[in-house]
Peer 1: 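This is the structure I have questions about; it appears just below.
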Amino acid sequence: MNGRRARDVVLWSVVAVNLVALAAPTLIILGASFTAGNIITFPPDGFSFKWYEKVFASETLRDAFWRSLQASLVCTAASIPAGTLAALALARRRPRFPRTLQLYLLLPFTVPLIGSGMGLMMLFGELGILGQVWPVGLACCIINLPFMIWAVQASVNALDPDLENAAATCGAAPTHAFFTITLPAVTPGIITGALLMFVLAFNEFLVSLLLTDANTVTLPVSIYNSIRNVITPDLAAVSVVYILVAGLAIALLDRMVGLEIFLKSKQS
Amino acid sequence: MIRVLDFLESLRATLWPRAARRFEAAAFLLPALLLVGVLVLGLAWMADASLRLLDTETFELSEHWTLANYRDLLENDTAWIVLGRSVLGAAVVTAVTLALAFPYAWVMVRTGSAWLRKLLLVSLFLPFFIGQVVRAYGWLIVLGKEGLVNQLLGALGMGPFKMIYTYGSVLFGLVQYMLPFAVLLIAPAVTAIDEEVELASETLGAPWWRTFLEVTLPLARPGLVAAAMVVFTLALTDYAMPVILGGGTNDFVANMVYDAFFRTSDSGMGSAVAIALVAAATLLAGVLLTWLGAGTLGFRGEAKR
């Protein structure tokens with residue numbers, strides 16, 4: 001038993017280091033956003049909402065927020081059908097050349113973001129669609145698409161194929177079987193994937209930076225542009241938007257599918 | 001409900017007769033294939049630009065193809081320094097991240113307390129969902145020249161220390177950024193390990209650290225390989241941390257690409273650097289994927305019964 005205690009002490013020390021590193025930026029930003037002073041100090045100079053008021057009053061930030069929201073919605077809307085259908089095809093319909101297909105569909109992950117971003121920037125520039133918000137959403141959908149396919153596939157693999165076969169044997173037409181058996185069964189995967197796609201698009205920085213101009217900056221780019229100057233608490237107040245969105249997404253994810261789904265073994 | 005389905009079914013029967021069933025897989029895959037196709041097209045465009053030389057008088061790329069950009073790149077000493085810094089940085093970040101992430105994943109999977117597991121999961125997802133810029137900004141507040149750490153040390157009569165805009169701060173930011181990716185890739189592999197195997201090793205008298213190093217670690221290899229690959233390539237090609245926490249003094253390869261495009265307006269050279277990086281990263285990923293298998297990364301077909 002002594003060995004176990006030693007093990008727990010060592011492992012828990014590592015976990016504690018992790019927890020501090022993971023939580024520090026979030027907690028500090030939360031704390032800094034409520035300061036009454038003009039610079040960020042420790043201990044904080046009193047408590048106030050004045051930086052929130054300033055942020056809400058800023059038209060630039062509000063516009064950037066709406067653009068980010070639009071881009072994320074475009075990304076999510078495009079990735080749900082594309083990712084769901086692809087996952088169903090990969091898991092159930094035995095496409096030809098499965099290995100090549102797998103490598104091809106993983107390209108958005110194996111190609112570095114700076115490469116994808118620059119390539120899309122040049123292509124979109126040539127097509128004359130730069131300077132709008134929807135191409136940013138489309139780009140976010142492309143670069144994160146494997147997440148959507150993964151999420152749905154996990155659900156498809158958990159669905160017993162005999163259920164679908166039974167539906168077919170009992171005379172259900174393919175469309176009936178799809179909408180009453182397959183789709184409900186993969187819904188948790190679609191929810192997980194859609195939330196991931198939304199949140200990742202909402203905070204995507206590099207691709208936004210490359211695909212936007214001064215009139216179409218999204219929120220992460222807007223924050224980045226302001227970081228360059230002096231560090232003031234207004235940025236902390238904006239950043240709290242991200243903490244709220246992240247918290248909401250996690251709560252939804254946990255409520256609807258359970259965070260534990262990410263611990264599931266892929267081998268069994 | 002049934003009527004809607006009947007309508008959809010008759011629609012399908014007309015538009016998509018049974019004879020077309022063998023094309024179903026292709027039809028289902030089409031949207032995803034097209035989306036990734038846009039990316040491939042963009043890369044092809046960039047590859048084309050990388051083969052054209054910038055005319056410094058007209059600021060246009062040449063009509064004919066040449067390898068001059070790649071030759072210049074190979075002869076550029078700064079490029080080699082940046083590459084060395086990125087590769088070394090990515091290697092250090094990968095080692096540190098895996099060392100931190102593995103125990104975290106193990107505790108998260110093995111703990112008997114559902115409450116604790118939830119806490120560890122939420123701590124992981126919160127930063128993952130907050131994004132790089134906001135996290136980097138948080139570190140600026142903590143580590144900056146007039147940041148919280150220096151204020152605290154100043155109160156004790158020490159410092160101020162220069163912690164920001166150094167190589168160390170970039171690597172630190174990268175490790176923190178990579179932790180959630182690594183843990184989430186390792187955890188499923190730990191779940192797959194039968195706890196009995198670890199218990200057997202303990203019962204046979206192995207000290208805990210030997211069980212950990214010689215039983216758990218090798219069995220978790222699929223997850224570790226996937227995590228190492230993802231962390232290494234993401235760190236190697238990162239843009240945000242070097243630019244925000246490095247402040248231009250510790251550029252990585254991606255910053256070089258950006259500067260070529262937007263500072264010197266040489267899209268030919270920028271494309272060449274980007275293509276070289278894409279080729280290297282894809283090759284590395286391809287070799288690892290074929291050699292070691294997709295690990296926990298692959299899209300798995302057929303469910304096992």
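First the proteins, then the strands, lettered A, B, ... as listed; each starts at 1. These figures come from a predicted structure and were not determined experimentally.
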Peer 1: Which one wins on heavy-atom pair count under 4.5 Å against chain A: B:Ala114, B:Pro31, B:Ala254, B:Ala285?
Peer 2: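 Of B:Ala114, B:Pro31, B:Ala254, B:Ala285, B:Ala254 has the most heavy-atom pairs under 4.5 Å with chain A.
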Peer 1: What are the two closest heavy atoms between B:Ile141 and A:Ala32, and how far apart are they?
Peer 2: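 The answer is CD1-CB, 4.3 Å.
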Peer 1: Please state whether the side chain, the backbone, both or neither of B:Ser123 comes within less than 4.5 Å of a heavy atom of chain A.
Peer 2: both
Peer 1: Chain A: which of B:Leu116, B:Thr233, B:Ile275 shares the most heavy-atom pairs with it under 4.5 Å?
Peer 2: B:Leu116
Peer 1: So for B:Leu143, is it side chain, backbone, both, or neither that comes closer than 4.5 Å to the heavy atoms of chain A?
Peer 2: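 For B:Leu143, there is no contact with chain A at all, as no heavy atom is under 4.5 Å.
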Peer 1: Would B:Phe129 and A:Tyr242 count as a close aromatic pair, with their ring centres under 6.0 Å?
Peer 2: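 No: the rings miss the under 6.0 Å criterion.
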Peer 1: Please state whether the side chain, the backbone, both or neither of A:Asp8 comes within less than 4.5 Å of a heavy atom of chain B.
Peer 2: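 Neither part.
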Peer 1: Side-chain polar contacts of residues 109-123 of chain A - donor-acceptor pairs under 3.5 angstrom, sequence neighbours left out - could you list them?
Peer 2:
{"unit_1": "A:Thr110", "atom_1": "OG1", "unit_2": "A:Leu107", "atom_2": "O", "d": "3.3"}
{"unit_1": "A:Ser116", "atom_1": "OG", "unit_2": "A:Pro112", "atom_2": "O", "d": "3.2"}

Peer 1: A:Leu209 versus B:Tyr239: any side-chain heavy-atom pair under 4.5 Å?
Peer 2: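 When only atoms from C-beta onward are counted, B:Tyr239 and A:Leu209 do touch, with a gap below 4.5 Å.
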Peer 1: To the nearest 0.5 Å, what is the distance between OG1 on B:Thr282 and CG on A:Leu106?
Peer 2: 11.5 Å
Peer 1: Looking at B:Val278, B:Leu236, B:Leu284, which makes the most heavy-atom pairs under 4.5 Å with chain A?
Peer 2: B:Val278
Peer 1: Quick one, A:Asp254 and B:Lys118 - any side-chain contact, counting heavy atoms below 4.5 Å?
Peer 2: yes
Peer 1: Kindly compute the distance separating CZ (B:Arg135) from CZ (A:Phe205), expressed to the nearest 0.5 Å.
Peer 2: 14.0 Å
Peer 1: Is there a side-chain contact between A:Ile243 and B:Ile130, using heavy atoms and a 4.5 Å cut-off?
Peer 2: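 Side chain of A:Ile243 against side chain of B:Ile130, heavy atoms only: contact under 4.5 Å found.
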Peer 1: Run the side chain to side chain contact (heavy atoms under 4.5 Å, CB included) test on B:Val133 and A:Asn203 for me, step by step, so that the C-alpha distance in whole Å, both residues' side-chain angles and the decisive distance to 0.1 Å come before the verdict.
Peer 2: CA-CA 8 Å; B:Val133 179; A:Asn203 59 40; over 6 Å; no
Peer 1: Tell me, side chain or backbone of A:Pro108 under 4.5 Å from chain B's heavy atoms, or both, or neither?
Peer 2: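 Contact with chain B is through both the backbone and side chain of A:Pro108.
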Peer 1: What do the steps show when you test A:Leu22 against B:Leu126 for side chain to side chain contact (heavy atoms under 4.5 Å, CB included), and what is the final call?
Peer 2: CA-CA 8 Å; A:Leu22 287 168; B:Leu126 202 60; over 6 Å; no
Peer 1: Which answer fits A:Thr180, side chain, backbone, both or neither, if we ask what part of it has an atom under 4.5 Å from a heavy atom of chain B?
Peer 2: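 A:Thr180 touches chain B through side-chain heavy atoms alone.
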Peer 1: Any side-chain heavy atom of B:Phe102 within less than 4.5 Å of one from A:Val14?
Peer 2: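 When only atoms from C-beta onward are counted, A:Val14 and B:Phe102 do not touch, as no gap falls below 4.5 Å.
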Peer 1: Near B:Phe7 CZ, under 6.0 Å, is it more than 12 heavy atoms from other residues, nucleotides or ligands?
Peer 2: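 No, CZ of B:Phe7 has 12 or fewer neighbouring heavy atoms, counting only those of other groups under 6.0 Å.
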Peer 1: Using non-hydrogen atoms only, which part of A:Leu138 is less than 4.5 Å away from chain B: side chain, backbone, both, or neither?
Peer 2: side chain
Peer 1: Look at B:Val183, B:Ile244, B:Val253 and state which one has the largest set of heavy-atom pairs under 4.5 Å with chain A.
Peer 2: B:Ile244
Peer 1: Heavy-atom cut-off 4.5 Å, strictly under: side chain, backbone, both or neither for B:Phe172 against chain A?
Peer 2: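 No part of it gets close to chain A.
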Peer 1: Can you check side chain to side chain contact (heavy atoms under 4.5 Å, CB included) on B:Leu29 and A:Tyr104, steps first, answer last?
Peer 2: CA-CA 12 Å; B:Leu29 282 167; A:Tyr104 177 83; over 6 Å; no
Peer 1: Looking at side-chain heavy atoms only, is the closest gap between B:Pro103 and A:Val10 below 4.5 Å?
Peer 2: no
Peer 1: Using heavy-atom distances under 4.5 Å, tell me whether B:Ala155 contacts chain A through its side chain, its backbone, both, or neither.
Peer 2: neither
Peer 1: Show the nearest heavy-atom pair for residues B:Ala187 and A:Leu263, with the distance to one decimal.
Peer 2: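 Answer, listing the atom of B:Ala187 first, then A:Leu263: CB-CD2, 3.6 Å.
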Peer 1: Can you find a heavy atom in the side chain of A:Leu19 that is under 4.5 Å from one in the side chain of B:Tyr104?
Peer 2: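 A:Leu19 vs B:Tyr104: side chains touch.
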Peer 1: Does B:Tyr137 reach the main-chain N or O of A:Ala236 with its side chain, forming a donor-acceptor pair under 3.5 Å?
Peer 2: yes
Peer 1: For atom CH2 of B:Trp45, is the number of surrounding heavy atoms from other residues, nucleotides or ligands below 6.0 Å larger than 12?
Peer 2: no
Peer 1: Do B:Gln176 and A:Pro25 make a side-chain contact, defined as non-hydrogen atoms from C-beta onward lying under 4.5 Å apart?
Peer 2: yes
Peer 1: Take A:Glu204 and B:Gln132 through the side chain to side chain contact (heavy atoms under 4.5 Å, CB included) test and state the conclusion after the steps.
Peer 2: CA-CA 8 Å; A:Glu204 173 54 43; B:Gln132 253 185 313; over 6 Å; no
Peer 1: With a 4.5 angstrom heavy-atom cut-off, is it the side chain or the backbone of B:Asp238 that approaches chain A, or both, or neither?
Peer 2: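 Contact with chain A: none, neither part.
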Peer 1: Can you tell which part of B:Trp209 gets under 4.5 Å to a heavy atom of chain A, answering side chain, backbone, both or neither?
Peer 2: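 Neither part.
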Peer 1: Which one of A:Leu259, A:Asn18, A:Ile28 has the most heavy-atom pairs closer than 4.5 Å to chain B?
Peer 2: A:Asn18
Peer 1: Name the option with the most non-hydrogen atom pairs under 4.5 Å to chain B; the candidates are A:Gly83, A:Ala154, A:Ala86.
Peer 2: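 Most pairs with chain B among the choices: A:Ala86.
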Peer 1: Select one option (side chain, backbone, both, neither) describing which atoms of B:Ser271 are under 4.5 Å from chain A's heavy atoms.
Peer 2: side chain
Peer 1: Taking all non-hydrogen atoms of both residues into account, name the closest pair between B:Val134 and A:Ser239 and its distance.
Peer 2: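 Distance-wise, the nearest heavy atoms are CG1-CB, 3.5 Å.
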Peer 1: Quick check for you: among B:Val109, B:Leu140, B:Thr211, which has the greatest number of heavy-atom pairs under 4.5 Å with chain A?
Peer 2: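 If we count pairs closer than 4.5 Å to chain A, B:Leu140 comes out on top.
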Peer 1: If I take atom CZ from residue B:Phe125 and atom CG from residue A:Leu196, how far apart are they, to the nearest 0.5 angstrom?
Peer 2: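 Nearest 0.5 Å value for the CZ-CG distance: 7.0 Å.
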Peer 1: Distance check, rounded to the nearest 0.5 Å: B:Thr191 atom OG1 versus A:Lys264 atom NZ?
Peer 2: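 B:Thr191 atom OG1 to A:Lys264 atom NZ measures 10.5 Å (nearest 0.5 Å).
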Peer 1: When the side chains of residues 32-43 of chain B are checked against the rest of the protein, which donor-acceptor pairs come out under 3.5 Å, sequence neighbours left out?
Peer 2:
none

Peer 1: Does any heavy atom of chain B fall under 4.5 Å from the side chain of A:Ile142, the backbone, both, or neither of them?
Peer 2: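 For A:Ile142, the side chain is the part near chain B, not the backbone.
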Peer 1: Checking side chain to side chain contact (heavy atoms under 4.5 Å, CB included) against B:Phe28, which of A:Thr84, A:Leu90, A:Leu85 comes through?
Peer 2: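 Answer to the side chain to side chain contact (heavy atoms under 4.5 Å, CB included) test with B:Phe28 among A:Thr84, A:Leu90, A:Leu85: A:Leu85.
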Peer 1: Examine whether an atom of A:Phe202 lies under 4.5 Å from a heavy atom of chain B, and if so say whether it belongs to the side chain, the backbone or both; otherwise answer neither.
Peer 2: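 Interface part for A:Phe202: neither.
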